[in-house]
Amino acid sequence: MNLADSAFLRACRRQPVPHTPVWYMRQAGRSLPEYLRVREGVPMLTACSTPDLIVEITMQPVRRYGVDAAIFFSDIVVPLKAIGVDLDIKPGVGPVVAEPIRDAKGLDALRPLEPGDVPYITEAVKALTTELGDTPLIGFAGAPFTLGSYLIEGGPSKNHDRTKAMMYGEPELWHALMEKLSDIVLQHLRIQIDAGASAVQLFDSWVGAVAPDDYREFILPHTRRIFEGVADVPRIHFGVGTGELLGVLGEAGADVVGVDWRVPLDEAARRVGPGKALQGNLDPAILLAPWEVVERKAREVLRRGEAAEGHVFNLGHGVLPDTDPDQLKRLTDLVHEHRR
Ligand code: CP3
C-alpha cells in the first residue's frame, strides 16, 4: 500500500476500495481526554499556531481510532487572524470579530495571505506528512460565505441577517468581499497542498441558509474559482442543511460532496448527479445513543452509500463534545468491515 492507493483517496476518485474509508469532522477535539490534556491553559488560537501542538492534536484521533485520513488541526478563521483581522475564538461560542465588516472601508482590513504569514502551517503539514506515512492528510479552509458571515455579523449567527442584507442590498460590495475572501481561501489551501496535504475540504458550514438561485448568483462563481485552483488534489465540499442545494453544489467543481444527516445518501446521489463521490452522513447525535442504535443506523448509511459512485463514511457534521470515544472506535471498526 502507498499513499496514492489509500482507501480514502481511491474513494474520492470513485475507484474500487478494499474497505469503506472513514474519518470524522472534528475528530480531534473536546471529545478526547488526551486533547483536553494538551489544551489545558492553551488558548485555541495559540494551539493553532504552535507546530508541535498541531501535530500532536492532529495525530491523536489517528492513533486512537485508526481512521483513514487525518484532518489538519486548525480553524477556519486562522488565516484571517494571520492577516491581522482582530478576532478571537471564544470557548463555547466560536469566532468573534472585534470590528465587523459592513462597508467598503471595512474591506481594507482584508489583505492577501502570504505563505510567510503562516509559517507554522507549512511546518506542521510537513512534519505531519512524514509522521502519517501512508495515511492522507486533509487540508481545509472555510468557504467565503461562511467566513463572510463571521466577518459581517461579528460572530456566530442563527439567521445570517446582516450577511444576507449585504448580499441582496449591496451586490457589488458583496462580490468584492467574496473575491477578497476567495483569494485568501485559495492561498490558504495552496499553502497546505504545497506542504504535502493529499486532499482538501472546503467548509461552507452555514451556506444552507441560502436558496439555490441565490447560491448560483452570489456564491457559485467564487466557489468554482477556488476549486479550479486546487484541481491537483481531491476536493471535498461540505455544508450543513444543504438538502435543497445538493444539485448546485454538484456544479461547484468538487470531487466529493459532503452531505449532512437530513438527506439519505441514495437520494443525495440522485440530487448531486453523476461523476461525484459522497461523504457522510450519520447524525452525530446518534453516537449519544446505545451502541445497538449506532450500529443499526451506521449500517443503513453504508447501505444507502452504495448508491454513490464513491463513499467516504463520516458524520453529518462534527463530533459532539459529549461523544464517548469508545463509540467512535467501534464505529470505525464497523465501517472498516463493510465491503461495497
Ligand atoms: O475537524 C477537525 O478535527 C479539525 C479541526 C477543526 C476545528 N475547526 C477545530 C476547532 C476544523 C476543521 C474546524 C472548522 C470550523 N471552525 C468550522 C467548519 C466546520 C463546522 O463545524 O461546520 C467552523 C464553522 C468553525 C468556527 C468555529 N471554531 C466554531 C463554530 C467553534 C466552536 C466553538 C465552541 O467552542 O463550541 C470553533 C472552535 C473550535 N475549532 C474548536 C475546535 C477543536 C473548539 C475550541 C476548543 O477546543 O477550545
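In this chain, numbering begins with 1 at the start of the sequence shown. All ligand and atom numbering here is 1-based and tracks the order in the structure.
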Do Asn314 and Phe238 come close enough that some side-chain heavy atom pair is under 4.5 Å? no
Quick check on contacts: which atoms of ligand 1 are under 4.0 angstrom from a heavy atom of Ser74? 5 (C), 6 (C), 7 (C), 8 (N), 9 (C)
Nearest 0.5 angstrom please: Leu265 CG to Leu302 CG, how far? 9.0 Å
Would you check if Met167 and His160 make a side-chain contact, meaning some heavy-atom pair closer than 4.5 Å? no
Residue, atom name and distance, where the atom is the protein heavy atom closest to atom 38 (C) of ligand 1: Ile89 CG2, 3.5 Å
May I ask you to check if ligand 1 and Phe140 share an N or O to N or O distance below 3.5 Å? no
Based purely on interatomic distance, does Tyr35 place a nitrogen or oxygen under 3.5 Å from a nitrogen or oxygen of ligand 1? yes
Decide if atom CG of Asp213 counts as having more than 12 heavy atoms of other residues, nucleotides or ligands within a radius under 6.0 Å. no
If you draw a 6.0 Å radius around CZ in Arg162, do more than 12 non-hydrogen atoms from other residues or ligands fall strictly inside? no
Protein contact of atom 35 (O) of ligand 1 - nearest heavy atom, named by residue and atom, plus distance: Gly92 N, 2.8 Å
Atoms in ligand 1 with a heavy atom of Met25 nearer than 4.0 Å: 1 (O)
For the residue pair Phe218 and Tyr168, does the interplanar ring angle fall in the parallel (under 30°), tilted (30 to 60°) or perpendicular (over 60°) class? perpendicular
Close side-chain approach of Arg271 and Glu244, heavy atoms under 4.5 Å: yes
Does ligand 1 have any atom sitting under 4.0 Å from a heavy atom of Pro156? no
Could you tell me which atoms of ligand 1, counted from 1 in the order shown, lie closer than 4.0 angstrom to a heavy atom of Met44? 9 (C), 10 (C), 39 (C), 40 (N), 41 (C), 42 (C), 45 (C)
Could you check atom 36 (O) of ligand 1 against the protein and tell me its nearest heavy-atom contact, residue, atom and distance included? Arg30 NH2, 3.3 Å
Taking the side chain as C-beta and beyond, is there a heavy-atom pair between Asp260 and His317 under 4.5 Å? no
Under 4.0 Å from a heavy atom of Phe203: which atoms of ligand 1 are those, numbered in the order shown and with their elements? 12 (C), 18 (C), 19 (C)
Per side-chain contact (heavy atoms from CB on, under 4.5 Å), Leu137 is matched among Val200, Val62, Thr58 by Thr58
With nothing but distance in play, are any N or O atoms of Thr146 less than 3.5 Å from an N or O of ligand 1? no
Close approach of Gly318 to ligand 1, heavy atoms, under 4.0 angstrom: no
Should you measure from each heavy atom of Ile71, which atoms of ligand 1 turn up under 4.0 Å away? 1 (O), 2 (C), 3 (O), 4 (C)
Under-4.0 Å salt bridge between Glu251 and Arg216: yes
If you compare Ile57, Leu32, Asp75 by their heavy atoms, the one closest to atom 40 (N) of ligand 1 turns out to be Asp75
Residue and atom name of the nearest protein heavy atom (relative to atom 29 (C) of ligand 1), distance in Å to one decimal: Arg26 NH2, 3.6 Å
Does CD in Glu306 sit with more than 12 non-hydrogen atoms of other residues, nucleotides or ligands closer than 6.0 Å? yes
Within the supplied structure, the quantity of interest is the number of heavy atoms (other residues, nucleotides, ligands) at a distance under 6.0 Å from Lys329 NZ; does it exceed 12? yes
Contact between Tyr150 and ligand 1, counting heavy atoms under 4.0 Å? yes
Strictly by modelled atom types, are Thr20 and His311 linked by a side-chain donor-acceptor pair under 3.5 Å? no
What is the closest protein heavy atom to atom 23 (C) of ligand 1, and at what distance does it sit? Ile76 CD1, 3.5 Å
Do ligand 1 and Gln27 have nitrogen or oxygen atoms that lie under 3.5 Å from each other? yes
Out of Gly258, Pro95, Ala143, Ser31, the nearest non-hydrogen contact to atom 27 (C) of ligand 1 is supplied by Pro95
Hey, is ligand 1 close enough to Ser205 that some N/O pair sits below 3.5 Å? yes
Pick one of side chain, backbone, both or neither for how Gln201 approaches ligand 1, counting any non-hydrogen atom pair under 4.0 Å. neither
Consider side-chain contact (heavy atoms from CB on, under 4.5 Å). Of Leu331, Leu287, Ile71, which one does Tyr24 pass it with? Leu331
Those atoms of ligand 1 less than 4.0 Å from some heavy atom in Phe72: 4 (C)
Among Arg39, His317, Gln60, whose heavy atom sits nearest atom 48 (O) of ligand 1? Arg39
